[in-house]
Peer 1: 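Would you mind keeping the following structure in view while I ask a few things?
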Protein chains: 2
Amino acid sequence: MNHQEAKAKFIQTWGTLGSSWGISRTMAQVHALLLISPEAMTTEEVMEDLKISRGNANMNLRDLIDWGLVFRELRAGERKEYFRAEKDIWKVAKQIIKERRKREIEPVLKVLEELKNTKGDKNDKQHKALVEAVSNIESVVEKADFALERAIKLDENALVGALFKLFK
Amino acid sequence: MNHQEAKAKFIQTWGTLGSSWGISRTMAQVHALLLISPEAMTTEEVMEDLKISRGNANMNLRDLIDWGLVFRELRAGERKEYFRAEKDIWKVAKQIIKERRKREIEPVLKVLEELKNTKGDKNDKQHKALVEAVSNIESVVEKADFALERAIKLDENALVGALFKLFK
DNA sequence: TTGAACTTTCAAAATATTTTGAAAGTTTTT
DNA sequence: AAAAACTTTCAAAATATTTTGAAAGTTCAA
């Protein structure tokens, strides 16, 4: 497998993964392309490389910026914009989780809170089951938040430890 | 908000959440319906409740069984099947993660492993960047696996602790 | 062996999502 | 002020996904 093939495979694999997780295939592909690009790329280059239209390239780059995964770069004396992806995958993962929590989980939590407070007959099995499910979901979200916090702290501590070693 | 409204809202919220995470809206809705149903339900009841066709109900129930989230229940003297969802949301979450890892992450890891081993010019910036990205992704997956393990152990310890208290 | 009571399948139809490309918008240079 | 060099928008077209429903399949009782 030469570089071109490997690159194509990486991009298409990332696209499939994104698409199975509810992210537009093309957005994931643009992200993949930028992740493995040593230099910032222009809209033109992204279009060319992925064979997509200008509108499509533009929208997806914009979305990636909104997701905090890609940054706009301007160069002195040039009018066109360059795009560079955050390369630290751990940062990328944290950012994706943060955004998805904000966009997709938090609105659900708001609804769940409302549902928990609906006045229902305490003898109504159906309603008891619903309130029970809602509370359980909330507690699992808390567990997940906690686990994520722990993972982040663990990582930070590992970093501090590594730095400390360097100077001891 | 009465029970019917709360139920409808729960189902539609769960459907939207599923759909934004790459799970078919209807499968998520069927799951939601069963999650809050104190009794096991028949295909007929699911069709009725969600206003979906027999084919659709059948396929989604089947998929939920494949995902390990719903169980088939047979009753003596009855020919039709009943479906009951796993109600322990923490178990549900673990099961979903396990399945998604198997179905969607593992195939990607296999590809990444291939990509890492492609012989590329070590002086080729492009190829170096690709291999770098691939290695980084692999290491983040490892971190995530580890974090999940830790979260599961933490939960198990909490359980043991609670039991212990009961008997001390 | 037939028929009743179910479940499963899948091609066609319906629906939802994504993509295109050209027009409109913006900013800078001449 | 006009033109050049870009970016953005969005309605229509293309594509992908989901849903339907009727036919086929299965299982069991009579």
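Lettering of chains follows the sequences in order, A, B, ..., and the numbering in each one begins at 1.
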Peer 1: Tell me, for nucleotides 5-15 of chain D in 5' to 3' order, what letter each nucleotide earns: B for a base near a protein heavy atom under 4.0 Å, S for only sugar-phosphate near one, - for neither?
Peer 2: BSBBBB-----
Peer 1: Any chance you could measure T43(B), atom OG1, to R62(B), atom CZ, to the nearest 0.5 Å?
Peer 2: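 Interatomic distance, T43(B) OG1 to R62(B) CZ, rounded to 0.5 Å: 10.0 Å.
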Peer 1: Nearest whole angstrom, please: distance from the C1' of dT20(C) to the CG of N60(A).
Peer 2: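 Atom CG in N60(A) sits about 13 Å away from atom C1' in dT20(C).
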Peer 1: W14(A) vs H31(A) aromatic rings, parallel, tilted or perpendicular, using cut-offs 30° and 60°?
Peer 2: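 Ring orientation of W14(A) relative to H31(A): tilted.
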Peer 1: Any Lys/Arg nitrogen of E138(B) or K116(B) sitting under 4.0 Å from an Asp/Glu carboxylate oxygen of the other?
Peer 2: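 Result for this pair is yes, salt bridge flagged.
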Peer 1: Would you confirm whether N136(B), through its side chain, and E132(B), through its main-chain N or O, come within 3.5 Å as a donor-acceptor pair?
Peer 2: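 Checking the backbone N and O of E132(B) against the side chain of N136(B), a donor-acceptor pair under 3.5 Å is found.
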Peer 1: With a cut-off of less than 4.0 Å, is there a side-chain N or O of S24(B) near OP1 or OP2 of dT17(D)?
Peer 2: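 S24(B) to dT17(D) OP1/OP2: no side-chain N or O under 4.0 Å.
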Peer 1: I'd like to know if the side chain of E104(A) pairs up with that of W21(B) as donor and acceptor (distance under 3.5 Å, no hydrogens or angles considered).
Peer 2: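 The answer is yes; a qualifying pair exists.
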Peer 1: For M27(A) and dT19(C), give me the distance from atom CE to atom P, rounded to whole Å.
Peer 2: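 The distance from CE of M27(A) to P of dT19(C) comes to 12 Å, rounded to the nearest Å.
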Peer 1: Please state how far atom CZ in R25(B) lies from atom P in dA16(C), giving the value in whole angstrom units.
Peer 2: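 R25(B) atom CZ is separated from dA16(C) atom P by 8 Å.
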Peer 1: Is a side-chain donor or acceptor of S37(B) paired with a backbone partner of L33(B) at a separation under 3.5 angstrom?
Peer 2: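 Side chain of S37(B) to backbone of L33(B), a donor-acceptor pair under 3.5 Å: no, none is there.
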